[in-house]
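Report on the following structure.
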2 protein chains.
Amino acid sequence: MKISEGVEWAAHACALLAAVPEGGALSAGAIAAFNDLPKAYMAKHLQALAKAGVVVSVRGAQGGYRLARPPAEISLWDVRRAIEGPGPDFHCANIRLKGPCVAPKPSSGPCAIAHAFWEAERAYQAALGSMTIADVVVQAAREQDAEGLSRIAAWLRAAL
Amino acid sequence: MKISEGVEWAAHACALLAAVPEGGALSAGAIAAFNDLPKAYMAKHLQALAKAGVVVSVRGAQGGYRLARPPAEISLWDVRRAIEGPGPDFHCANIRLKGPCVAPKPSSGPCAIAHAFWEAERAYQAALGSMTIADVVVQAAREQDAEGLSRIAAWLRAAL
DNA sequence: TCATTGCGGACACATAGCATCCGATTTAAA
DNA sequence: TTTAAATCGGATGCTATGTGTCCGCAATGA
């Protein structure tokens, strides 16, 4: 199992979008350039975020993307689900219903193994759900000195 | 993200191996036949379980596999790690260190996003680690009537 | 009107998982 | 001692998914 790199891109994109002022919008090209990522593919992920309701898109000239909700109301789980899709990671193929020892009237429904994995996924989801874009931004800002913050602010002013 | 089907196969294989008596061994062919799975590929997964120390292999005629520890001491996390490999699912590409706004002396190390995902993975691991093969066997047995249990016992006697 | 931007589909490529086959080795049974 | 049964490891091919690009279309502000 491996988490697609697009989730990381989308999370950083949301962290950047948290810095755009009310009513503004950042184009896909600008978002991609901020982290030196390919624009075309970043645009794909932004479209997925928009479809999932994490960001809103503004079409036309001077358009782009902005967060759909305050950063404190967007969790990393929202981002992950937007990119990797909903639905469980573990898929029960019901292999216990095959083979020479299966009962004539098999009790359908997922087996104990599937339930255990889905329970673990719930724990995973809960942990990611408690981490918001606002938390990420706070921690990221803590790692920047005043000069770094002003450099980012200047870049953002130029990109808007 | 998707969990490979081999994890499910391996978990069911361990549940079956929990029923082999002390000193016995079940061949890869028999394990595959029990759930109507391709023998060659099931064998690959059993080799992975053996290499991870979840099962022990017995080579030669009348050989096969048995659990390396009591079922209560083998968790579903052990099985998942044996098949999918160790290491985190989320890989931090450190994309915050790229782009036009990166500081001259960047503070290396994973970002807050990576830490959040790894924390969630720890929760996932803890949940899976608390579910053992013994638990799975108990729940699976609960779904079988007496006739089903005796049919499985008879099949196992013939396969040993 | 025109340039800018998102939207959606089509396409190519790389990687990982799925599945099979083969020869070599080990070991119990004939 | 021979034979059959079984694991081990590597090589191979197929498929699905993720990565990345490109194009035409639609929308929108200048």
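A, B, ... follow the sequence lines: proteins, then strands. Residue 1 opens every chain. Atom set for the values below is all heavy atoms of this structure, side chains included, hydrogens, waters and symmetry mates excluded.
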Checklist outcome for this item: Across all chains, not counting sequence neighbours, the ring-ring contact (aromatic ring centres under 6.0 Å, His included) partners of A/Phe117 are A/Phe90

Item to check | Pairing residues for A/Trp155 by the ring-ring contact (aromatic ring centres under 6.0 Å, His included) criterion, not counting sequence neighbours | outcome: A/Phe34

Checklist entry - Counting just side-chain N and O atoms, does B/Ser57 come under 4.0 Å of either OP1 or OP2 of D/dC8? => result yes

Checklist entry - Is any NZ, NE, NH1 or NH2 atom of the basic residue among B/Asp89 and A/Arg80 found under 4.0 Å from an Asp or Glu carboxylate oxygen of the other? => result no

Checklist outcome for this item: When rounded to whole Å, the NE2 to C1' distance for the pair B/His91 and C/dT15 reads 14 Å

Item to check | Spacing between A/Glu84 atom CD and D/dT19 atom C1', to the nearest angstrom | outcome: 13 Å

Next on the checklist: Measure CE/A/Met1 against C1'/D/dA16 and give the value in whole Å, please.
Outcome noted: 17 Å

Checklist entry - When you measure from the side chain of A/Glu119 to the backbone N and O of B/Ala127, does any donor-acceptor pair fall under 3.5 Å? => result no

Checklist outcome for this item: Taking five pairs at each terminus, the helix from C/dT1-D/dA30 to C/dA30-D/dT1 shows an axis bend, to 10°, of 10°

Item to check | Between P of C/dC7 and CG of A/Leu46, the distance in whole Å | outcome: 9 Å

Next on the checklist: Is the phosphate of D/dT17 approached by A/Ser4 (side-chain N or O, under 4.0 Å from OP1 or OP2)?
Outcome noted: no

Next on the checklist: Taking A/Ala93's backbone N and O only, do any of them form a donor-acceptor pair with B/Glu8's side chain (distance below 3.5 Å, no angle check)?
Outcome noted: yes

Item to check | Chi angles and distances behind the side chain to side chain contact (heavy atoms under 4.5 Å, CB included) call for B/Leu76, B/Ile133 | outcome: CA-CA 7 Å; B/Leu76 288 181; B/Ile133 298 297; 4.2 Å; yes

Checklist outcome for this item: Heavy-atom contacts, protein to nucleotides 20-30 of chain D, under 4.0 Å, summarised as B (base), S (sugar-phosphate only) or - (none) per nt, yield BBB---BBBS-

Show me the donor-acceptor pairs, under 3.5 Å and distance only, between side chains in residues 45-67 of chain A and residues at least two apart or in other chains.
{"residue": "A/Arg66", "atom": "NE", "partner": "A/Gly24", "partner atom": "O", "Å": "2.9"}
{"residue": "A/Arg66", "atom": "NH2", "partner": "A/Gly23", "partner atom": "O", "Å": "3.2"}
{"residue": "A/Arg66", "atom": "NH2", "partner": "A/Gly24", "partner atom": "O", "Å": "3.4"}

Checklist entry - Going by heavy atoms in the side chains, are A/Asn35 and A/Trp9 under 4.5 Å from each other? => result no

Checklist entry - Between A/Ser130 and A/Asp135, what is the shortest heavy-atom contact and its length? => result O-OD2, 3.7 Å

Item to check | Closest-nucleotide 5' rank along DNA chain C - winner of A/Gln47 and A/Lys2 | outcome: A/Gln47

Item to check | Side chains of A/Glu143 and B/Arg96 in contact at under 4.5 Å (non-hydrogen atoms) | outcome: yes

Checklist outcome for this item: note: B/Tyr65, atom OH; D/dC8, atom C1'; distance rounded to Å ~ 8 Å

Checklist outcome for this item: A/Lys51 atom NZ is separated from C/dG6 atom C1', nearest whole Å, by 13 Å

Item to check | Atom-pair distance (CG on B/Asp89; P on C/dA16), nearest Å | outcome: 14 Å

Checklist entry - CG of A/Leu49 versus C1' of C/dG8: gap in Å, rounded? => result 16 Å

Next on the checklist: Could you check whether any side-chain heavy atom of A/Leu160 comes within less than 4.5 Å of a side-chain heavy atom of A/Pro21, counting everything from C-beta outward?
Outcome noted: yes

Checklist outcome for this item: Per the under-4.0 Å heavy-atom filter, residues of residues 13-36 of chain A near DNA chain D come out as none

